[in-house]
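The structure appears below as structure tokens.
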Amino acid sequence: MENLSSVTCRHRYSSLFLHQPQRRYFTNHSSACCSLDIKHASFESTPISKSLEPSSSSWDFHPLKELNGCTNLVSVKATHARTMKFLNRFELEFIAKCLITRYLEFGEFGYASSVFFMGFPRIQVSWRDLLEEMEHYGVEKYKVLEEFVQLQNKGVKFDGVVLAMVLRICAVLMYRLLGFTIHGGLIKRGLECSDTRVVSALMGFYGRCVSLDFANKVFDEMPKRDDLVWNEIVMVNLRSGNWEMAVRFFREMQFSGPKAYDSTMVKLLQVCSNKEGFEEGRQIHGFVLRLGFDSNVSICNSLIIMYSRNGKLESSREVFNSMKERNLSSWNSVVSSSTKFGYVDDAMGLLDEMETCGLKPDIVTWNSLLSGYASKGLSRNAIGILKRLQIAGLKPNTSSISSLLQAVAEPGLLKLGKAIHGYVIRNQLWYDVYVKTTLVDMYIKTDCLPYARIVFDMMDGKNIVGWNSLISGHSYAGLLKDAEALMSGMEKEGIKPDAVTWNSLVFGYATWGKTEKALAVIGKMKENGVMPNVLSWTAILSGCSKNGNFRNALKVFIKMQKEGVSPNAATISCLLRILGCLSLLQSGKEVHSFCLRNNLICDAYVATALVDMYAKSADLQSATEVFYGIKNKPLASWNCMIMGYAMFGRGEEGIAVFTAMLEAGMEPDAITFTSVLSVCKNSGLVREGWKYFDLMSSQYGVIPTIEHCTCMVDMLGRSGYLDEAWDFIQTMPLKPDATIWGAFLSSCKIHRDLELAEAAWKRLQVLEPHNPANYMMMINLYSNENRWEDVEHIRNSMRVHRVRIQALWSWIQIDHTVQVFYAEGKAHPDEGEIYFELYKLVSEMKKLGYVPDTSCMHQDVSESEKEKLLMGHTEKLAMTYGLIKQKGKAPIRVVKNTNICSDCHTVAKYMSVLRNREIVLQEGARVHHFRNGKCSCNDSW
DNA sequence: ATAGGGTTAG
């Protein structure tokens with residue numbers, strides 16, 4: 001055995017040197033010998049080349065053909081030997097490549113690497129190609145270096161160009177010591193500046209393994225610089241991430257004359273794709289056009305990607321459209337940029353175009369489309385793409401699976417998610433870290449926390465993304481203690497929480513109403529050197545708004561701005577919701593103008609939130625204007641618009657919007673029907689209400705929710721069909737909850753039906769014993785009948801349940817301040833002035849026939865006392881204040897936190913006549929618009 | 001050239 005191996009070993013090298021004058025190649029190294037002039041090196045200096053005179057037999061020999069035909073190692077070796085006799089410099093590169101490939105195929109790394117080292121100095125072969133070839137056969141770069149060292153130890157002397165190549169490998173593998181040794185040898189032999197290939201390799205090595213400054217110094221000291229050296233110094237700077245310096249060298253190069261390589265341009269554009277480099281990138285685009293590089297496909301592809309990464313979809317499309325020649329990469333780039341911007345439909349169009357051009361989409365194309373659908377949550381379309389790629393004979397890879405898992409990550413699709421998990425296992429895709437983390441996240445998002453945990457525990461090398469998925473899942477579910485525990489577990493494993501970890505916690509605390517805790521997490525972030533970003537603040541804003549903590553939310557928003565964090569579309573959407581809930585129209589308008597200035601108006605969420613804000617702030621005109629300005633109206637914007645008409649009780653218009661929406665091809669969802677039924681409810685359109693309630697499930701497949709039922713009960717009850725409402729409650733498919741009975745009770749209150757009211761009250765005492773509104777309605781009902789004992793009984797019951805009387809307030813925004821009028825407690829500083837004006841108004845009103853309506857007063861006091869209390873209603877004060885303070889013609893807008901009484905309604909009508917002013921009075925989800933003594937609700941509410 | 005975790009309206 002030993003014998004054999006030693007034979008093989010000897011054989012390995014001897015056969016390679018068989019017909020070659022090895023000494024000449026490797027020892028006798030004058031700089032002339034290793035100069036760039038290959039023709040001389042390979043022909044004149046070798047005796048064999050003398051025999052390369054065309055002979056009849058040599059013309060019949062086709063080394064490449066023969067090599068490719070070899071079926072065993074012996075024949076490869078034989079051909080190798082024959083090849084050396086018939087060296088033809090034009091074919092040498094290919095022969096060398098082919099030889100290496102064939103040797104590698106037979107596992108003969110030694111032969112292959114020797115060809116590799118031997119072939120190079122004399123041919124313009126791309127060393128990178130060959131290294132890739134070797135890598136393809138599993139030969140690692142370090143083995144190439146090992147071979148090199150072995151050859152060197154045997155006394156082989158390499159010329160500068162081979163050494164340059166080895167230096168490049170040293171740079172990639174960070175073999176600093178070997179690199180230094182090689183450099184030392186080069187200096188000793190005076191080869192340091194012998195060849196620009198040596199110089200550029202040195203720059204590359206120093207740039208990567210020592211410092212960029214050192215590489216730049218080598219460049220500065222280099223006496224002669226050709227294209228190669230210039231391109232190299234740009235590349236070295238690019239690789240080190242100093243793109244500014246790279247651009248500077250690139251500019252200098254333009255003035256000095258050398259020509260940029262395509263690859264340099266491509267890399268330069270790639271690096272300039274980052275935000276900071278974008279301006280430079282644009283200028284390089286100018287160079288590209290001037291230098292005629294725009295005919296180069298790869299460069300144009302890089303331009304497409306650069307524009308796409310910087311949010312310039314149109315420019316990227318322009319580059320694409322201007323290309324005369326396109327390859328698969330070009331199409332893939334433009335498809336990916338379309339999907340990235342959310343235009344998956346456009347991308348699908350491109351796919352068709354691509355196929356008509358005769359280009360077959362590859363896995364990358366399909367994956368781009370998959371990810372486009374996945375990020376939009378369009379699981380069906382994503383699965384459609386999966387089918388198409390499979391029909392095309394392709395197999396989904398880890399990237400496809402990641403996107404698919406993202407697409408099915410919603411509670412209803414757990415089965416699909418599990419099926420994909422099965423596919424992962426069957427096809428051994430578990431090794432991929434993206435697959436693992438998206439699996440964890442899929443189980444989190446399908447509310448399958450235990451599964452997520454199991455999958456996560458199975459992961460080896462748990463990464464921060466997996467941890468964060470778990471933490472966010474627990475946070476989201478309100479399991480904040482578990483989330484905190486997971487975070488400390490993660491820290492124990494040596495992984496530092498990042499902004500995402502923290503934001504998940506901020507979001508969890510904020511969503512579950514713990515604003516203080518959420519703010520504390522923000523503080524903790526800062527302590528740990530992680531800066532809270534716009535998402536952290538938006539999370540708190542969203543939490544506050546979900547919990548009705550609107551005024552706190554505004555404080556948070558101001559704090560955020562003080563900390564120098566500027567809002568994005570999501571923040572603004574949240575803020576608009578808050579402003580809408582507070583009916584702060586003035587502030588809402590300011591935010592609207594902010595959106596216009598900052599180009600946020602195109603965002604679908606922002607536009608919808610604006611419609612919603614205007615509707616909630618009772619400015620239907622502005623809501624309509626924004627709504628009709630939206631180009632591709634999302635479903636939610638239609639829903640908001642319909643809801644806006646519902647609030648104003650403008651039934652016909654609301655239904656017209658709904659009809660227009662259907663005509664526009666939109667599919668109504670559950671919320672659409674809540675809005676439509678609200679329209680019917682608030683406009684007394686009982687017949688239409690029934691119609692849409694039936695159509696909802698029969699034609700549109702929307703299953704009625706408790707909200708829809710509440711609308712129906714409210715609609716029937718308010719319109720006086722109390723018995724029908726009662727029957728509806730008895731027969732409805734869902735269990736009636738407190739909102740149902742509350743709506744019913746409120747109808748009983750309007751129609752003074754004590755018997756049915758008591759029936760509702762019986763249930764509400766169980767279902768909702770802490771809601772003061774129910775108690776107030778009962779007090780109202782009993783006091784109307786003068787049943788003061790019962791009133792006292794209810795009041796007692798409130799004490800027992802520790803239910804406080806609802807705080808009542810109204811407010812009005814004048815300029816930038818909000819004036820709040822409370823029913824109890826702090827009096828308004830201008831109270832005297834307000835009452836003076838109010839009584840003046842009342843005396844004028846009385847001349848026109850106004851009689852105070854004290855029916856809403858539930859106190860057992862004298863009539864004159866009742867009237868006095870009546871005049872103190874907060875909405876009256878707020879309206880009067882508006883009439884005094886608000887200049888101009890704009891309507892007076894007052895918001896009240898609870899229902900208004902009939903007397904205030906009447907007073908508002910008189911006010912609108914006497915002061916010739918429109919008044920908009922908002923009570924929760926309903927708006928009264930008073931003009932010339934009439935109200936938009938036609939007195940039915 | 002494609003893939004993973006945190007925020008947004010009704």
Side-chain angles (χ1 to χ4, degrees), chain A residues 298 301-302 304-305 308 327-337 339-340 362-372 374-375 396-406 409 432-442 444-445 463-473 475-476 498-508 510-511 533-543 545 567-577 580 603-613 615-616 634-644 669-675 678 707:
Chain A
S298 308
N301 293 350
S302 307
I304 295 174
I305 295 157
S308 149
N327 59 17
L328 189 56
S329 275
S330 328
W331 287 95
N332 280 345
S333 303
V334 81
V335 166
S336 116
S337 89
T339 54
K340 221 178 265 167
D362 67 353
I363 190 73
V364 176
T365 328
W366 294 114
N367 282 351
S368 287
L369 293 163
L370 262 180
S371 96
S375 58
N397 62 14
T398 54
S399 162
S400 335
I401 295 297
S402 289
S403 292
L404 269 175
L405 281 168
Q406 199 195 4
D432 185 81
V433 64
Y434 281 85
V435 169
K436 285 186 238 187
T437 45
T438 34
L439 265 174
V440 173
D441 198 54
M442 181 274 290
I444 285 289
K445 296 219 170 99
N463 61 11
I464 191 159
V465 179
W467 282 106
N468 283 347
S469 265
L470 272 188
I471 291 170
S472 90
S475 267
Y476 201 82
D498 64 0
V500 179
T501 325
W502 295 105
N503 283 346
S504 297
L505 283 176
V506 171
F507 179 75
T511 310
N533 56 19
V534 62
L535 278 85
S536 331
W537 293 102
T538 307
I540 298 190
L541 277 187
S542 122
S545 89
N568 65 12
T571 326
I572 292 298
S573 305
C574 257
L575 183 65
L576 282 170
R577 183 185 130 80
D603 186 275
Y605 280 94
V606 170
T608 307
L610 272 171
V611 174
D612 187 45
M613 181 277 293
K616 283 213 184 90
L635 179 62
S637 70
W638 291 94
N639 292 350
C640 287
M641 197 63 241
I642 297 170
M643 197 49 117
D669 67 353
I671 294 158
T672 316
F673 283 102
T674 310
S675 308
S678 297
E707 281 85 16

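A, B, ... follow the sequence lines: proteins, then strands. Residue 1 opens every chain.
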Proximal nucleotide (of [options]) relative to the [X] side chain:
{"X": "A:Ser399", "options": "B:dA9, B:dT2, B:dA1", "value": "B:dT2"}
{"X": "A:Asn463", "options": "B:dG6, B:dT7, B:dG4", "value": "B:dG4"}
{"X": "A:Asn503", "options": "B:dG4, B:dA1, B:dG6", "value": "B:dG6"}
{"X": "A:Val500", "options": "B:dG4, B:dG6, B:dG10", "value": "B:dG6"}
{"X": "A:Ser336", "options": "B:dA1, B:dA3, B:dT7", "value": "B:dA1"}
{"X": "A:Tyr476", "options": "B:dG4, B:dT7, B:dA3", "value": "B:dT7"}
{"X": "A:Val433", "options": "B:dG4, B:dA1, B:dT7", "value": "B:dG4"}
{"X": "A:Asn568", "options": "B:dT7, B:dA3, B:dG10", "value": "B:dT7"}

Separation of [N] [atom2] from [X] [atom1] (nearest whole Å):
{"X": "A:Met613", "N": "B:dG10", "atom1": "CE", "atom2": "P", "result": "12 Å"}
{"X": "A:Asn367", "N": "B:dT2", "atom1": "CG", "atom2": "C1'", "result": "5 Å"}
{"X": "A:Leu635", "N": "B:dA9", "atom1": "CG", "atom2": "P", "result": "14 Å"}
{"X": "A:Asn332", "N": "B:dA3", "atom1": "CG", "atom2": "P", "result": "12 Å"}
{"X": "A:Leu535", "N": "B:dT7", "atom1": "CG", "atom2": "P", "result": "8 Å"}
{"X": "A:Ile401", "N": "B:dT2", "atom1": "CD1", "atom2": "C1'", "result": "13 Å"}
{"X": "A:Leu575", "N": "B:dT7", "atom1": "CG", "atom2": "C1'", "result": "14 Å"}
{"X": "A:Asn397", "N": "B:dG4", "atom1": "CG", "atom2": "P", "result": "13 Å"}

Distance check: side-chain N/O of [X] vs OP1/OP2 of [N], anything under 4.0 Å?
{"X": "A:Lys616", "N": "B:dG10", "result": "yes"}
{"X": "A:Arg577", "N": "B:dT8", "result": "no"}
{"X": "A:Ser542", "N": "B:dT8", "result": "yes"}
{"X": "A:Lys445", "N": "B:dG6", "result": "yes"}

With no angle test and no hydrogens, is the base of [N] tied to the side chain of [X] by a donor-acceptor pair under 3.5 Å?
{"X": "A:Ser504", "N": "B:dG6", "answer": "no"}
{"X": "A:Ser368", "N": "B:dT2", "answer": "no"}
{"X": "A:Asp669", "N": "B:dG10", "answer": "yes"}

Pick base, sugar-phosphate or nothing for [X], based on heavy-atom distances below 4.0 Å to the nucleic acid.
{"X": "A:Leu369", "result": "nothing"}
{"X": "A:Asn301", "result": "nothing"}
{"X": "A:Val334", "result": "nothing"}
{"X": "A:Ala499", "result": "base"}
{"X": "A:Phe507", "result": "sugar-phosphate"}

Any [X] side-chain heavy atom under 4.5 Å of [Y] side chain:
{"X": "A:Asn301", "Y": "A:Asn327", "result": "yes"}
{"X": "A:Leu541", "Y": "A:Thr571", "result": "yes"}
{"X": "A:Ser542", "Y": "A:Phe507", "result": "yes"}

Task: Between A:Ser329 and A:Asn332, a side-chain donor and acceptor under 3.5 Å - done: no
Task: Any residue meeting ring pair (Phe, Tyr, Trp, His ring centres under 6.0 Å) with A:Phe673, in chain and number order, not counting sequence neighbours - done: A:Phe658, A:Tyr700
- [ ] Determine the minimum heavy-atom distance between A:Ser399 and A:Asn367, stating which atoms define it.
- [x] OG-ND2, 3.3 Å
Task: Stacking of A:Tyr605 on B:dA9 base (centres under 5.5 Å, planes under 30°) - done: no
- [ ] Take A:Asp669 and A:Thr672, measure what side chain to side chain donor-acceptor pair (under 3.5 Å) needs, and give me the verdict at the end.
- [x] CA-CA 5 Å; A:Asp669 67 353; A:Thr672 316; 2.7 Å; yes
